[in-house]
Amino acid sequence: QVQLVESGGGLVQPGGSLRLSCTASGSIFRINVARWYRQAPEKERELVAIITNDGSTDYADSVKGRFTISRDNTRNTVWLQMNSLKPEDTAVYYCNAAGISQFAANLEVWGQGTAVTVSS
């Protein structure tokens, strides 16, 4: 059984920074593609960032230049560094990972979500 454990959310002032982490735990799991989504109140879930197994990245226009997705394959961890945060970044952030587990050739797993609030 695989879990994605998220951490790093919290309250931050506009212009501040946070780093979210997403770590696979439980059964052996090797992340192939990882994504960060967010969902603000009364808004649709939005794809924020994606990173492939070779390290290629892409971002939503709303966060380009401010957010950075990264990974450490040895730790099976994905991060989202968020700088220059704005109130409109307030949302619950979800990690999503697709990869290979001990018992499945391809598996997609979601994190539990971590809340980010940007407010003065």
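Computed from a predicted structure; not experimentally measured.
Using modelled atom types, one finds a donor on one side chain and an acceptor on the other under 3.5 Å when comparing Arg38 with Ser62.
The salt bridge (Lys or Arg N to Asp or Glu O under 4.0 Å) test applied to Asp58 returns no partner, not counting sequence neighbours. Under the ring-ring contact (aromatic ring centres under 6.0 Å, His included) criterion, Tyr37 pairs with Trp110, not counting sequence neighbours. Applying the salt bridge (Lys or Arg N to Asp or Glu O under 4.0 Å) test to Lys43 and every residue at least two apart in sequence or in another chain returns nothing.
Among pairs with a residue in residues 72-120, those fulfilling disulfide bond (SG atoms under 2.5 Å apart) read Cys22-Cys95, at least two apart in sequence or across chains. Applying the ring pair (Phe, Tyr, Trp, His ring centres under 6.0 Å) test to residues at least two apart or on different chains, none of the pairs has a partner in residues 71-103.
Contact record, Arg71 with Ile31: NH2-O, 2.6 Å, taken as the closest heavy-atom pair. In plain terms, the two heavy atoms of Gln112 and Leu4 that are nearest each other are OE1-O, 3.3 Å. Residues Ala40 and Thr90 come closest through the heavy atom pair CB-O, 3.5 Å. Taking all atoms of both residues into account, the shortest heavy-atom contact from Ile50 to Ile69 is O-CG2, 3.7 Å. Ser21 approaches Ser7 most closely through the heavy-atom pair OG-OG, 2.7 Å. Minimum interatomic distance between Val116 and Leu20 (heavy atoms only, all atoms of both residues): CG2-CD2, 4.0 Å.
Annotation: side chain of Asn32 is not in contact with side chain of Arg30 (no heavy-atom distance under 4.5 Å). Using a 4.5 Å heavy-atom cutoff, the side chains of Asn96 and Trp36 are not in contact.
When the shell of 6.0 Å around CG of Leu11 is examined, it contains more than 12 heavy atoms from other residues, nucleotides or ligands. For Arg45, the CZ atom sits in a packed shell: over 12 heavy atoms of surrounding residues, nucleotides or ligands are nearer than 6.0 Å.
Within the model, atoms OG of Ser120 and CD of Gln13 stand 7.0 Å from one another, a figure rounded to the nearest 0.5 Å. Of the inter-residue distances, the one linking Thr117 atom OG1 with Asp89 atom CG reads 11.0 Å to the nearest 0.5 angstrom. Note that the OG atom of Ser101 and the CD1 atom of Ile28 stand 9.5 Å from one another [nearest 0.5 Å].
Transitive grouping of hydrophobic side chains (ILVMFWY, heavy atoms separated by less than 4.5 Å) brings Leu18 and Tyr59 into a common cluster. The cluster map of Ile, Leu, Val, Met, Phe, Trp and Tyr, joined by side-chain heavy atoms under 4.5 Å apart, puts Val12 and Val63 in the same cluster. In the hydrophobic clustering of this structure, Phe67 does not group with Val92; members are Ile, Leu, Val, Met, Phe, Trp, Tyr whose side-chain heavy atoms approach within less than 4.5 Å, directly or through other members.
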Verdict with supporting geometry, Ile100 and Leu107, side-chain contact (heavy atoms from CB on, under 4.5 Å) = CA-CA 6 Å; Ile100 301 173; Leu107 182 66; over 6 Å; no
Contacts under 3.5 angstrom, residues 80-87 side chains, donor-acceptor by atom type, not counting sequence neighbours:
| from | atom 1 | to | atom 2 | distance (Å) |
| --- | --- | --- | --- | --- |
| Gln81 | NE2 | Asn83 | OD1 | 3.0 |
| Asn83 | OD1 | Ser17 | OG | 2.9 |

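The backbone N or O of Arg75 lies less than 3.5 Å from a partner atom in the side chain of Thr77, making a donor-acceptor pair.
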